[in-house]
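For reference, the structure is listed below as structure tokens.
The figures that follow rest on heavy atoms only: side chains count, while hydrogens, waters and symmetry mates do not. Throughout, a chain's letter reflects where its sequence line sits, starting with A, and its residues are numbered from 1. As the structure is a computational prediction, the values presented were derived from the model and not from experiment.
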2 protein chains.
Amino acid sequence: MATSATREKILDVAEELFAHQGSRATSLRAITSAAGVNLAAVNYHFGAKEVLIEEVISRRLVTLNGQREQRLLEVRASAVAAGRRPETAEVLMAFVEPTLLFPQSGTGAGNFITLVGRAMADPDETARRIFVRLMQPVLQLFAELLAEAQPELAPEVLYWRLNFVIGALSHTMRGIDRCPLPLEIAVAKSAPELVRLLTGFLSAGMLAAP
Amino acid sequence: MATSATREKILDVAEELFAHQGSRATSLRAITSAAGVNLAAVNYHFGAKEVLIEEVISRRLVTLNGQREQRLLEVRASAVAAGRRPETAEVLMAFVEPTLLFPQSGTGAGNFITLVGRAMADPDETARRIFVRLMQPVLQLFAELLAEAQPELAPEVLYWRLNFVIGALSHTMRGIDRCPLPLEIAVAKSAPELVRLLTGFLSAGMLAAP
DNA sequence: TATTAAATCGAACGTTTGTTCGAATGGGTC
DNA sequence: GACCCATTCGAACAAACGTTCGATTTAATA
């Protein structure tokens, strides 16, 4: 019962529409008509629109955060095994790479990354509350590892640099399917190339003299 | 006629509510009741909600972009006068400093910075279309000066690094009144200190080996 | 085939939304 | 004091929203 064809179709269509118009601007009628199901199906399968939003986010975010956590713990483990500190570059890579490569993990996964990139800046409490709650643990681990990589960095400097990292990453996530800035020099890049560009940029920023 | 007390009050209240809930989630009734004016006053003074949104954004953004453009042109002029290339750090400073110090320019200016930081990530076409149109010229100049500072950088690398800069800056703008990430190490910083932290981070990122 | 529970459907509910309109109000000018 | 134009006001409009409900269909079980 947890998985029905109608239920899955609603989730897929909602994910796509939420990604491109936001959850608030997307009506249940737009979702159900695009999915070819009855309007009442949403409330039958989910109970309320807010629950649907939560399920769209958590459905894939749990997987993504699992990948990020595993990569981060691997970085920590190999550093401990070698009796050294984790390197800033590999910590960043462990968080960024699963994120930007996630769109290749399946149909609709690209929409999800756009959606998450926007949830971080969403003024709507509904979406952001759900999102923050799911992100908190892995974000905490990410912050800890960055601190272990640069123990000499003052906590407040680390905090703000972490914000700059999250800002650059989320902006990249939002524009992963279309160029985020409308400039003449706009050029699309492959996902692996983007990973290299972004982690290089962020590593240099994190390692800058404070 | 261009400035009436009612008109200004509507703009101020709308700016505050838009900043904290988004323009789409803010109803005209919420604005007019908070402003203590009649509901019909909005359509009398602005014609439509979309025009009000546009006016809220453009009212201060024209000023802010003027400051940014002046600073950028000064950087270029002094570089030309000295027969050298502009430095990446001073180009970044010319764009970032007016932005993050703008909240001190008057009552409500802080709300505006939050608002603009969100407009950049807004899925709603209305707000983003207005915003992009107003930002395009100064963004173009910003990109040109960064290219002049690092002529050896490949255009596509420059483009994406510019996106990372905009992402980090807009995320900082969104969280300027409250800590953006809910972490234990969260610490507030004064605006000038934030400017120094951000430009230091971004300079290192821009100057990283490609 | 008869029974039963899950699933789908059409239709309506009450709110809230942006917008419109004619009447009422307000000073400033002849 | 009479007139006038800008402004304000109360009231209503149609449309769109999330949600609810009873009837109907579907599919599996006995």
Side-chain angles (χ1 to χ4, degrees), chain A residues 1-59 115 119 122-130, chain B residues 1-59 115 119 122-130:
Chain A
M1 231 52 45
T3 65
S4 114
T6 300
R7 202 185 136 93
E8 293 298 310
K9 199 157 201 172
I10 290 173
L11 282 171
D12 289 337
V13 171
E15 183 178 57
E16 179 174 352
L17 295 183
F18 287 170
H20 292 93
Q21 333 175 348
S23 58
R24 176 136 203 154
T26 304
S27 70
L28 295 186
R29 284 169 176 84
I31 296 172
T32 52
S33 74
V37 304
N38 189 273
L39 168 63
V42 172
N43 282 276
Y44 175 78
H45 283 283
F46 299 94
K49 185 184 181 182
E50 185 168 341
V51 181
L52 170 62
I53 297 174
E54 181 156 358
E55 210 119 337
V56 167
I57 295 178
S58 66
R59 179 173 65 147
L115 175 68
D122 205 324
D124 190 48
E125 274 303 317
T126 307
R128 207 179 54 234
R129 220 192 48 244
I130 296 166
Chain B
M1 231 55 44
T3 66
S4 117
T6 300
R7 202 185 135 93
E8 292 298 309
K9 199 156 201 171
I10 291 174
L11 283 170
D12 290 337
V13 171
E15 182 178 59
E16 180 175 350
L17 295 183
F18 287 169
H20 293 92
Q21 333 176 345
S23 59
R24 176 134 203 155
T26 305
S27 68
L28 295 185
R29 283 167 178 83
I31 296 172
T32 53
S33 74
V37 304
N38 189 274
L39 167 63
V42 172
N43 282 275
Y44 175 77
H45 284 283
F46 299 95
K49 185 184 182 182
E50 185 169 341
V51 180
L52 170 62
I53 298 174
E54 180 156 1
E55 209 118 338
V56 167
I57 295 178
S58 66
R59 179 173 65 148
L115 175 68
D122 205 325
D124 189 48
E125 274 303 318
T126 307
R128 208 179 53 235
R129 219 192 48 243
I130 295 165

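- Checked by atom type and distance alone, the side chain of B:Arg24 never pairs as donor or acceptor with a backbone atom of B:Asp124 at under 3.5 Å.
- The distance between atom CG of A:Leu39 and atom C1' of D:dG18, rounded to the nearest whole Å, is 8 Å.
- Counting to the nearest Å, the C1' atom of C:dT8 and the CD1 atom of A:Ile10 are 11 Å from each other.
- The separation between A:Lys49 atom NZ and C:dT16 atom P is 16 Å, rounded to whole Å.
- Partners of B:Thr26 under the side-chain hydrogen bond (donor to acceptor under 3.5 Å, both in side chains) rule, at least two apart in sequence or in another chain, are B:Gln21.
- Applying the side-chain hydrogen bond (donor to acceptor under 3.5 Å, both in side chains) rule to B:Glu16 yields no partners; only residues at least two apart in sequence or on another chain are considered.
- Rounded to 10 degrees, the angle separating the terminal axes of the helix from C:dT1-D:dA30 to C:dC30-D:dG1 is 10°, with each axis obtained from five end pairs.
- For DNA chain D, the residues of residues 25-36 of chain A within the heavy-atom distance limit of 4.0 Å (strictly under) are A:Thr26, A:Ser27, A:Leu28, A:Arg29, sorted by number.
- Looking at the side chain of A:Asn43, the nearest of the listed nucleotides D:dT19, D:dA11, D:dT8 is D:dT19.
- In this structure, B:Phe46 atom CZ and D:dT7 atom P are separated by 12 Å, rounded to whole Å.
- With respect to B:Glu50 and B:Arg129, a salt bridge is recorded, a charged nitrogen being found less than 4.0 Å from a carboxylate O.
- Classification of A:Glu55 and A:Arg7 as a salt-bridged pair holds, one side-chain N sitting under 4.0 Å from a carboxylate O.
- Nearest heavy-atom pair across A:Ala41 and A:Thr6 is CB-CG2, 4.2 Å.
- For A:Asn38, counting side-chain heavy atoms from C-beta on, the closest listed nucleotide (C:dT8, C:dT19, D:dG10) is C:dT8.
- In this view, B:Asp12 and B:Arg59 satisfy the side-chain hydrogen bond (donor to acceptor under 3.5 Å, both in side chains) rule, not counting sequence neighbours.
- The distance between atom OH of A:Tyr44 and atom C1' of C:dG10, rounded to the nearest whole Å, is 17 Å.
- Between D:dG18, D:dA11, C:dT8, one nucleotide has an atom nearer to the side chain of A:Thr6 than all others, and that is C:dT8.
- Between the CG atom of A:Asp124 and the P atom of D:dG18 there is a distance of 12 Å, rounded to whole Å.
- Scanning all heavy atoms of the two residues, the minimum distance from B:Ala48 to B:Asn43 falls at CA-OD1, 3.9 Å.
- For D:dT8, the OP1/OP2 oxygens have a side-chain nitrogen or oxygen of B:His45 closer than 4.0 Å.
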Practice prompt. Give the B/S/- string for nucleotides 21-26 of chain C, one per nucleotide from 5' to 3', where a protein heavy atom under 4.0 Å of the base yields B, of only the sugar-phosphate yields S, and otherwise -.
Written response: B-----
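- Scanning both residues, A:His45 and A:Ser4, for their nearest heavy atoms gives CE1-OG, 3.6 Å.
- Taking CZ of A:Phe18 as the reference point, atom CD1 of A:Ile57 lies at 8.5 Å (rounded to 0.5 Å).
- Taking CD1 of A:Ile10 as the start and OH of A:Tyr44 as the end, the distance is 11.5 Å to the nearest 0.5 Å.
- Distance A:Arg24 CZ to C:dT17 P: 8 Å, rounded to the nearest Å.
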